[in-house]
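Single-structure report; data block below.
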Protein chains: 2
Amino acid sequence: MGTTKSEMFTKHQNEIATIIKALGHPARIAILEYLMKIDSCICSDIVDELPLAQPTISQHLKELKKTNLIKGTVEGTSICYCIDENGIEKLERYFSSIANQLNEKKKNNCC
Amino acid sequence: MGTTKSEMFTKHQNEIATIIKALGHPARIAILEYLMKIDSCICSDIVDELPLAQPTISQHLKELKKTNLIKGTVEGTSICYCIDENGIEKLERYFSSIANQLNEKKKNNCC
DNA sequence: AAATTATATTGCAATATTACGATTAAAATA
DNA sequence: TATTTTAATCGTAATATTGCAATATAATTT
């Protein structure tokens with residue numbers, strides 16, 4: 001108990017849920033939006049930007065990286081982060097596909 | 001500790017994170033996809049469709065309903081569920097906006 | 001080499017989530 | 001009204017997540 005029963009679902013369902021879950025936290029949304037706002041990659045000022053302790057931010061960055069939502073390259077003492085299109089585009093495609101299908105069969109709505 | 005520090009983030013960041021989080025579980029993705037597959041609303045067979053106990057499914061449905069990802073109307077003894085465009089479209093807009101912005105400034109990528 | 005700077009890791013406390021058995025609630029039917 | 005059917009709620013165990021202080025690591029600068 002307490003553990004998600006992943007074996008019960010398809011590989012794709014688990015994959016997409018994992019990526020979505022990684023963005024399901026305001027701090028990680030804030031990180032994504034900060035990376036968007038800045039016109040380039042940022043090196044080493046995420047910690048100053050967010051109201052969380054450094055280890056906490058490091059943890060959130062790790063999760064975003066693990067799911068290909070951001071990517072980082074070592075740049076001397078600091079790390080240069082930017083958005084990874086890979087993850088974002090997967091989400092974009094997933095939701096626009098669902099939205100499109102919804103529009104096509106609007107007729108059948110009974111609720 | 002243990003609690004997300006929501007006060008630290010904007011209202012919109014918290015709202016979008018809450019909706020996204022609600023879909024960040026394979027069972028809830030499976031529910032969404034089942035509702036998509038069926039061409040109309042479904043009344044009372046979600047429990048037979050998913051490999052989880054009835055109280056667990058009820059709990060997942062509650063979370064999806066809370067975030068406007070599905071909606072349900074009482075239909076006699078059972079409840080008729082279908083996808084709520086409200087939540088889905090919010091997600092669709094959010095991610096396509098980010099994907100668009102990303103395409104526009106592809107030039108600046110340094111990672 | 002010592003000090004500095006930036007990030008990661010460890011360990012842990014507080015809280016949240018997941019799952020389900022047991023029970024309850026509410027409507028339909030016998 | 002008693003029974004059946006369907007879904008919600010309660011209570012609880014197992015596990016996961018969040019957040020941070022302390023510490024470690026790794027590259028840079030003095």
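Letters A, B, ... mirror the listed sequences (proteins, then strands); counts begin at 1.
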Item to complete: Considering just the side-chain nitrogens and oxygens of B:Ser58, establish if one lies under 4.0 Å of OP1 or OP2 belonging to D:dA8.
Response: yes
Worksheet item: Atom CD1 of A:Ile31 and atom P of C:dT7: how far apart are they, to the nearest Å?
Response: 12 Å
Worksheet item: For the side chain of A:Gln54 and the base of C:dA6, is some donor closer than 3.5 Å to an acceptor across the two?
Response: no
Worksheet item: Looking at B:Ile57 and B:Val47, what are the two nearest heavy atoms and their distance?
Response: CD1-CA, 3.7 Å
Fill in: Spacing between B:Lys5 atom NZ and C:dA13 atom C1', to the nearest angstrom
15 Å
Worksheet item: For C:dA16, does OP1 or OP2 lie under 4.0 Å from any side-chain N or O of B:Lys21?
Response: no
Practice prompt. Would you mind reading off the distance between A:Met8 atom CE and C:dT18 atom P, rounded to a whole angstrom?
Written response: 17 Å
Item to complete: Give me the ring orientation class for B:Tyr94 and B:His12: parallel if the planes are under 30° apart, tilted from 30 to 60°, perpendicular past 60°.
Response: tilted
Item to complete: Would you mind reading off the distance between B:Lys62 atom NZ and C:dT17 atom C1', rounded to a whole angstrom?
Response: 13 Å
Fill in: Any donor-acceptor N or O pair under 3.5 Å, side chains B:Glu63, B:Thr67
no
Fill in: Selection from D:dA8, C:dT7, D:dT18 that lies nearest to any side-chain heavy atom of A:Arg28
D:dT18
Fill in: Nearest-nucleotide 5' precedence on DNA chain C, A:Thr4 against A:Leu61
A:Leu61
Item to complete: List the atom of A:Pro26, the atom of B:Ala17, and the distance in Å for their closest heavy-atom pair.
Response: N-CB, 3.5 Å
Item to complete: Measure from CG on A:Leu23 to C1' on D:dT17 and round the result to the nearest Å.
Response: 16 Å
Discussion item. Can you see if the side chain of B:His60 gets near the phosphate of C:dT17 - specifically, an N or O under 4.0 Å from OP1 or OP2?
Written reply: no
Discussion item. Using OP1 and OP2 only, check whether a side-chain N or O of B:Thr56 sits under 4.0 Å from C:dC20.
Written reply: yes
Worksheet item: Does A:Gln59 make a side-chain donor-acceptor contact with the base of C:dA8, cut-off 3.5 Å?
Response: no
Discussion item. Please pick, from C:dA8, C:dT9, C:dA22, the nucleotide with the shortest atom-to-atom distance to any side-chain atom of A:Pro55.
Written reply: C:dT9
Item to complete: With DNA chain C as reference, determine whether B:Leu52 or B:Thr3 sits nearer its 5' end, using the nearest nucleotide of each.
Response: B:Thr3
Worksheet item: Taking atom C1' of C:dT18 as reference, at what distance in whole Å does atom CD1 of B:Ile57 sit?
Response: 13 Å
Worksheet item: Between B:Lys65 (NZ) and D:dA7 (P), how many Å, whole number?
Response: 11 Å
Fill in: A:Leu50 CG to D:dT18 P, straight-line distance once rounded to whole Å
14 Å
Worksheet item: Under 4.0 Å: is that the gap between some side-chain N or O of A:His25 and OP1 or OP2 of C:dA16?
Response: no
Worksheet entry | Step-by-step side chain to side chain contact (heavy atoms under 4.5 Å, CB included) determination, B:Thr73 to B:Ile79 | CA-CA 6 Å; B:Thr73 44; B:Ile79 292 200; over 6 Å; no
